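Reviewing the structure listed below.
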Amino acid sequence: MATGSRQRVWAAALAGGVVVSAALTACAGPCQYYEGTGVHDATAAEVAGVWENVEGTRVVLREDATALFEKLDGQDFDFEDRWRLSGTGTWQLTDDDGGQIVRLALTARTEVASRSPATATDTASPEPPSTYSWSFYVDRDQHDELKLFFFYGDPDVGNTYVMTHDTGS
């Protein structure tokens with residue numbers, strides 16, 4: 001084999017390896033390998049209370065581990081179905097190596113709303129679930145106040161759904 005041919009073969013093999021590597025890592029978005037916030041000092045008493053976000057969602061986490069949900073959107077890809085669930089359920093503060101997580105479970109749905117009206121070009125959305133579970137990461141802002149968040153939509157984008165503590169209640 002001529003030297004020029006050998007170099008072309010090596011170049012083609014190298015380019016193929018680069019293409020395969022790029023394809024394998026293309027879907028590795030920010031939240032796919034998220035290991036947590038590192039917060040380990042939040043207490044259940046600190047987490048209990050009223051949480052809200054800018055879209056009008058309201059979640060009440062009671063000290064007895066029961067919860068009230070008002071217009072809470074779906075997590076991850078479920079967010080794209082546009083439903084917003086209201087009802088009652090439970091919550092639990094957990095801790096693992098990456099940090100604390102508030103796990104919410106809707107056990108009795110009372111209402112379903114939509115984040116935005118469907119357009120004529122939208123395909124039919126699936127039926128909203130009658131029960132649902134969320135996992136909110138626990139973090140602290142620049143003022144050391146707690147905030148809760150989860151990722152929504154395409155994991156490659158890394159959008160966060162943030163809930164802040166309503167200190168006025």
Side-chain angles (χ1 to χ4, degrees), residues 24-118 125-169:
L24 290 175
T25 60
C27 294
C31 71
Q32 287 182 294
Y33 303 109
Y34 190 72
E35 295 182 16
T37 62
V39 171
H40 295 281
D41 63 349
T43 65
E46 191 178 13
V47 172
V50 178
W51 293 85
E52 296 177 333
N53 83 351
V54 297
E55 297 294 322
T57 297
R58 188 169 187 266
V59 176
V60 180
L61 305 178
R62 298 185 182 114
E63 290 183 12
D64 65 357
T66 60
L68 173 66
F69 309 102
E70 295 176 11
K71 298 180 181 175
L72 185 52
D73 294 286
Q75 189 168 346
D76 299 324
F77 280 113
D78 289 339
F79 183 85
E80 295 176 2
D81 291 335
R82 296 185 324 264
W83 47 255
R84 309 184 84 202
L85 301 177
S86 296
T88 59
T90 61
W91 70 277
Q92 178 183 21
L93 177 64
T94 63
D95 198 347
D96 62 26
D97 291 341
Q100 292 175 295
I101 295 173
V102 174
R103 300 192 189 282
L104 306 179
L106 175 77
T107 56
R109 184 180 79 188
T110 58
E111 185 180 339
V112 176
S114 179
R115 193 171 53 257
S116 61
S125 294
E127 177 66 27
S130 57
T131 62
Y132 195 79
S133 297
W134 294 264
S135 293
F136 281 87
Y137 292 101
V138 177
D139 201 3
R140 292 196 179 273
D141 65 16
Q142 67 273 19
H143 303 291
D144 206 32
E145 298 293 325
L146 285 184
K147 65 179 180 178
L148 306 178
F149 72 93
F150 64 73
F151 292 101
Y152 69 89
D154 185 341
D156 291 331
V157 177
N159 291 321
T160 55
Y161 190 95
V162 179
M163 303 286 292
T164 56
H165 220 183
D166 179 10
T167 56
S169 14

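Just so it is clear, the structure is predicted and the values come from calculations on it, not from any experiment. Below, each value reflects all heavy atoms present in this structure, side chains not excepted, and no hydrogens, waters or symmetry copies.
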Legend entry - Beyond-backbone contact of V59 with V50, side-chain heavy atoms, under 4.5 angstrom: no
Inset, instruction - List in chain and number order the residues that pass ring pair (Phe, Tyr, Trp, His ring centres under 6.0 Å) with W83, two or more places apart in sequence or in another chain; answer none if no residue qualifies. - result: Y132
Legend entry - Qualifying residues under salt bridge (charged side-chain N to carboxylate O under 4.0 Å, His left out), relative to D144, sequence neighbours excluded: R140
Legend entry - W134 vs L106 side-chain heavy atoms within contact, under 4.5 Å: yes
Inset, instruction - Taking W91 for its side chain and A48 for its backbone only, find out whether a donor-acceptor pair lies under 3.5 Å. - result: no
Inset, instruction - Count the heavy atoms belonging to other residues, nucleotides or ligands that lie under 6.0 Å from CG of D97, then report whether that count exceeds 12. - result: no
Legend entry - Minimum heavy-atom distance between L85 and P128, given as atom pair plus value: CD2-CB, 4.1 Å
Legend entry - Contacts of type side-chain contact (heavy atoms from CB on, under 4.5 Å), residue D139, not counting sequence neighbours: T37, V39, K147, F149
Using distance only, find each side-chain donor-acceptor pair of residues 66-73 under 3.5 Å and give its atom names and separation, not counting sequence neighbours.
residue, atom, partner, partner atom, Å
T66, OG1, D64, OD1, 2.6
D73, OD1, R84, NE, 3.1
D73, OD1, R115, NH1, 3.0
D73, OD2, R84, NE, 3.3
D73, OD2, R84, NH2, 3.3
D73, OD2, Y161, OH, 2.7

Legend entry - Any donor-acceptor N/O pair, D76 side chain to D78 backbone, under 3.5 Å: no
Inset, instruction - Return the set of residues passing side-chain contact (heavy atoms from CB on, under 4.5 Å) with T94 (not counting sequence neighbours), or none when no residue passes. - result: Q92, I101, R103
Inset, instruction - Go through the steps for Y137 and T160 under the test side-chain contact (heavy atoms from CB on, under 4.5 Å), then give the verdict. - result: CA-CA 10 Å; Y137 292 101; T160 55; over 6 Å; no
Legend entry - Side chain to side chain, V138 and L148, heavy atoms closer than 4.5 Å: yes
Inset, instruction - For the pair Q75 (side chain) and S135 (backbone), establish whether a donor and an acceptor sit closer than 3.5 Å, ignoring hydrogens and angles. - result: yes
Legend entry - Gap between atom CG of L61 and atom OG1 of T90 - 0.5 Å precision: 10.0 Å
Inset, instruction - Taking all heavy atoms of N53 and all of M163, pick out the closest pair and write down the distance. - result: CB-SD, 3.7 Å
Legend entry - Whether E46 side chain and L146 backbone form a donor-acceptor pair below 3.5 Å: no
Inset, instruction - Classify the ring geometry between W51 and H165 as parallel (under 30°), tilted (30 to 60°) or perpendicular (over 60°). - result: parallel
Inset, instruction - Please report the closest heavy-atom contact between A42 and V47, naming both atoms and the distance. - result: CB-CG2, 4.4 Å
Inset, instruction - Apply side-chain hydrogen bond (donor to acceptor under 3.5 Å, both in side chains) to D95 and list each qualifying residue two or more places apart in sequence or on a separate chain. - result: H40
